[in-house]
Structure formats: C-alpha cells, structure tokens
Amino acid sequence: MKGYIYTMFQGADPGKGWAMTDPIYGAKPTLGACMPNIRRAVDVGDYIFSISGRVKNVQQFIVGGFAVEQKLNSLAAREMFPDNILHKEKDGTLRGNIIVDHNLNRLKDDYHTNWEKRIDNYIVGTKPKFFQSQREIDEARKETLTILQDTFKRKGETVSDVIGRWRRLDEEQIHNLITWIEAVKMKSKR
C-alpha cells in the first residue's frame, strides 16, 4: 500500500468559503480532474490526501483523505455520479469533478489545462476521513505543519517547505495521517 498527499491550488480552502469541487469528500469521495499524475499512479487500496490551497495570512490544513476503491473512465463516472458532472450553481460557484460530456468533449466550465490528460483514472474512494466543522478545521490548521514535519521527518516554515506540491506516502505515513485526523476530530468534539 502506498499513498500520496498534495496541495490544492491557490485559494482552494474549504475553511474559507471555497466549494470543494475536486476532490469531493462525503460518503463516496471522488477525485476526477485534478492531479492526473497521482490518479494515474494509485492502485486500488492506496490512499490520497489533500491539503488546502494557499490563502494569504491563513495557515493551510490537511483537508482529509480516502482509500482508492475504483478507477473509472470519465464516461463510466458520468453514469455512476451524475451529480458530479461539472456545472455552475445559481450563485456562480462551480460544482463537480467530471469534466466531459457524453462524447468526451470538454465541458464549457472546465478550467483545467491539458484537459484531455485529465479524463482518465477517475478515482472513487472509500473510508473517507475529512474535516467538516469549523472547529475541526481550526484545530487541523494549528496542527497540520507539525504533523507533516513529524510524518516526513523534515523541518520547514510552510507546508510547501515540507512536501513541495505533493509527496508519496508509505504505509506507516498513511497510518500516521489517518490516526492524526481521527484524533483531531475526537478532540474537536469535546
């Protein structure tokens, strides 16, 4: 078993109002357009974790993670997850992480570059662990840099100093992150 952890793009911070379009956490987590290199590299049983994107004067945090249950092509994903087809809400926010129509043409609201390289390896997850409440997110912000430093045995002043844009995880590191997420969630309930 292996895993990957990556930082989402600048401004992608669900604790600061950004709507999670990719990955989508929940009962059945998915990753469909972002990080095609990681989606290509993972196998069933591997783990994927995401970190919020940079926001000025705000500490980044590990948003959550999940185990890979399936890898699909975009057409199969459209059939299984019609609610995840990229669309614009009435308030103008984007939702969804399936970026193609029934003919594998790019959807007009897709903002990714190299979109044709992003349509394979749609990830369906299981065993999601993620921070939802503001209290959980606030606690995760305080502890993320320390847990990353401990996990990777590397010092740094920022998330980027410790992992760069993304890093591979071994089984012990995966276990360390899952245990930490569960502990933060429990602490936040008190």
Side-chain angles (χ1 to χ4, degrees), residues 1-35 38-39 41-42 44-55 58-72 77 80-81 83-84 86 89 93-98 121-152 159-160 162-163 165-169 171-190:
M1 174 177 44
K2 66 184 179 301
Y4 294 89
I5 187 166
Y6 71 94
T7 302
M8 295 187 290
F9 61 87
Q10 186 171 343
D13 187 319
K16 293 295 177 187
W18 181 74
M20 292 290 290
T21 55
D22 202 26
I24 296 173
Y25 286 102
K28 192 51 76 174
T30 60
L31 181 63
C34 295
M35 301 307 290
I38 289 175
R39 292 186 291 117
V42 293
V44 171
D46 290 346
Y47 277 79
I48 300 173
F49 296 86
S50 59
I51 299 172
S52 63
R54 289 174 299 164
V55 173
V58 176
Q59 177 64 43
Q60 291 173 268
F61 73 102
I62 296 172
V63 175
F66 56 85
V68 176
E69 184 177 63
Q70 294 181 69
K71 291 172 77 167
L72 305 171
M80 285 182 72
F81 301 100
D83 291 343
N84 289 1
L86 184 66
E89 294 286 327
T93 59
L94 289 177
R95 297 277 197 254
N97 61 7
I98 298 170
N121 301 307
Y122 187 88
I123 302 296
V124 179
T126 187
K127 304 177 195 170
K129 304 281 183 194
F130 60 102
F131 299 114
Q132 292 177 279
S133 73
Q134 193 60 51
R135 193 169 181 179
E136 290 173 349
I137 291 169
D138 292 344
E139 191 62 35
R141 280 192 202 285
K142 292 181 207 168
E143 298 183 21
T144 287
L145 187 58
T146 301
I147 192 64
L148 290 174
Q149 290 169 338
D150 292 347
T151 299
F152 292 105
V159 167
S160 181
V162 179
I163 71 160
R165 172 81 162 99
W166 61 275
R167 284 286 291 262
R168 186 176 167 142
L169 299 161
E171 195 165 343
E172 182 179 331
Q173 292 166 326
I174 292 166
H175 178 72
N176 193 34
L177 292 178
I178 291 170
T179 301
W180 172 77
I181 291 170
E182 290 171 345
V184 170
K185 288 178 79 62
M186 288 301 292
K187 186 189 313 183
S188 298
K189 288 181 182 175
R190 293 185 206 143

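Here, residue 1 is the first one in the sequence, and each next residue gets the next number. This is a predicted model, so every value here is computed, not measured.
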Quiz item: Which pairs with one or both residues in residues 2-27 pass salt bridge (Lys or Arg N to Asp or Glu O under 4.0 Å), sequence neighbours excluded?
Solution: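 For residues 2-27, and leaving out neighbouring residues, the salt bridge (Lys or Arg N to Asp or Glu O under 4.0 Å) pairs sorted by first residue read Lys2-Asp43, Lys2-Asp46, Asp13-Arg141.
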Atom pair [atom1]/[atom2] of [X] and [Y] - distance to nearest 0.5 Å:
X: Leu31; Y: Tyr122; atom1: CG; atom2: OH; result: 8.5 Å
X: Asn84; Y: Ile24; atom1: CG; atom2: CD1; result: 3.5 Å
X: Thr21; Y: Ile98; atom1: OG1; atom2: CD1; result: 12.5 Å
X: Thr151; Y: Leu177; atom1: OG1; atom2: CG; result: 4.5 Å
X: Thr144; Y: Ile147; atom1: OG1; atom2: CD1; result: 8.5 Å
X: Asp83; Y: Asn97; atom1: CG; atom2: CG; result: 11.0 Å

With sequence neighbours left out, write down each residue that passes side-chain hydrogen bond (donor to acceptor under 3.5 Å, both in side chains) with [X], or none if nothing qualifies.
X: Tyr47; value: none
X: Lys129; value: Glu182
X: Asp138; value: Gln134
X: Ser52; value: none

Restricting to side chain to side chain contact (heavy atoms under 4.5 Å, CB included), what partner residues turn up for [X], sequence neighbours left out?
X: Phe152; answer: Ile5, Leu148, Arg154, Val162, Ile163, Arg167, Leu169, Gln173
X: Ser133; answer: Arg135, Glu136
X: Arg54; answer: Gln10, Gln60

Self-check item: salt bridge (Lys or Arg N to Asp or Glu O under 4.0 Å) against Glu139, all qualifying residues, sequence neighbours excluded
Solution: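 Residues passing salt bridge (Lys or Arg N to Asp or Glu O under 4.0 Å) with Glu139: Lys142, Lys187.
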Self-check item: Residues forming a salt bridge (Lys or Arg N to Asp or Glu O under 4.0 Å) with Glu171, sequence neighbours excluded
Solution: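 Glu171 satisfies salt bridge (Lys or Arg N to Asp or Glu O under 4.0 Å) with no other residue.
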Quiz item: So does Glu172 have more than 12 non-hydrogen atoms from other groups sitting under 6.0 Å from CD?
Solution: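 No, CD of Glu172 has 12 or fewer neighbouring heavy atoms, counting only those of other groups under 6.0 Å.
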Quiz item: Excluding sequence neighbours, so at least two apart, what forms ring pair (Phe, Tyr, Trp, His ring centres under 6.0 Å) with Tyr6?
Solution: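 Not a single residue meets the ring pair (Phe, Tyr, Trp, His ring centres under 6.0 Å) criterion with Tyr6.
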Which atom pair, heavy atoms only, marks the closest approach of [X] to [Y]?
X: Pro29; Y: Thr126; answer: CG-N, 4.0 Å
X: Ile181; Y: Gly64; answer: CD1-CA, 4.2 Å
X: Ile137; Y: Gln132; answer: CD1-O, 3.9 Å
X: Phe61; Y: Pro14; answer: CZ-CG, 3.9 Å

Exercise. Applying side-chain contact (heavy atoms from CB on, under 4.5 Å), run through Ile123 and Lys71 and close with a yes or a no.
Key: CA-CA 5 Å; Ile123 302 296; Lys71 291 172 77 167; 3.5 Å; yes
Hey, are the side chains of [X] and [Y] touching, using non-hydrogen atoms and a 4.5 Å cut-off?
X: Met80; Y: Gln70; answer: yes
X: Ser50; Y: Phe66; answer: no
X: Gln59; Y: Val159; answer: yes
X: Ile51; Y: Phe49; answer: no
X: Ile48; Y: Pro23; answer: no

Exercise. Would you check if the side chain of Thr93 reaches a backbone N or O of Glu89 as a donor-acceptor pair within less than 3.5 Å?
Key: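 Checking the backbone N and O of Glu89 against the side chain of Thr93, no donor-acceptor pair under 3.5 Å is found.
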Exercise. Just grab all the ring pair (Phe, Tyr, Trp, His ring centres under 6.0 Å) pairs involving residues 171-190, residues at least two apart or on different chains.
Key: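 Checked against ring pair (Phe, Tyr, Trp, His ring centres under 6.0 Å) - neighbours excluded - the pairs reaching residues 171-190 are Phe131-Trp180.
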Quiz item: Stepwise, does the side-chain contact (heavy atoms from CB on, under 4.5 Å) test hold for Met35 with Tyr4?
Solution: CA-CA 10 Å; Met35 301 307 290; Tyr4 294 89; over 6 Å; no
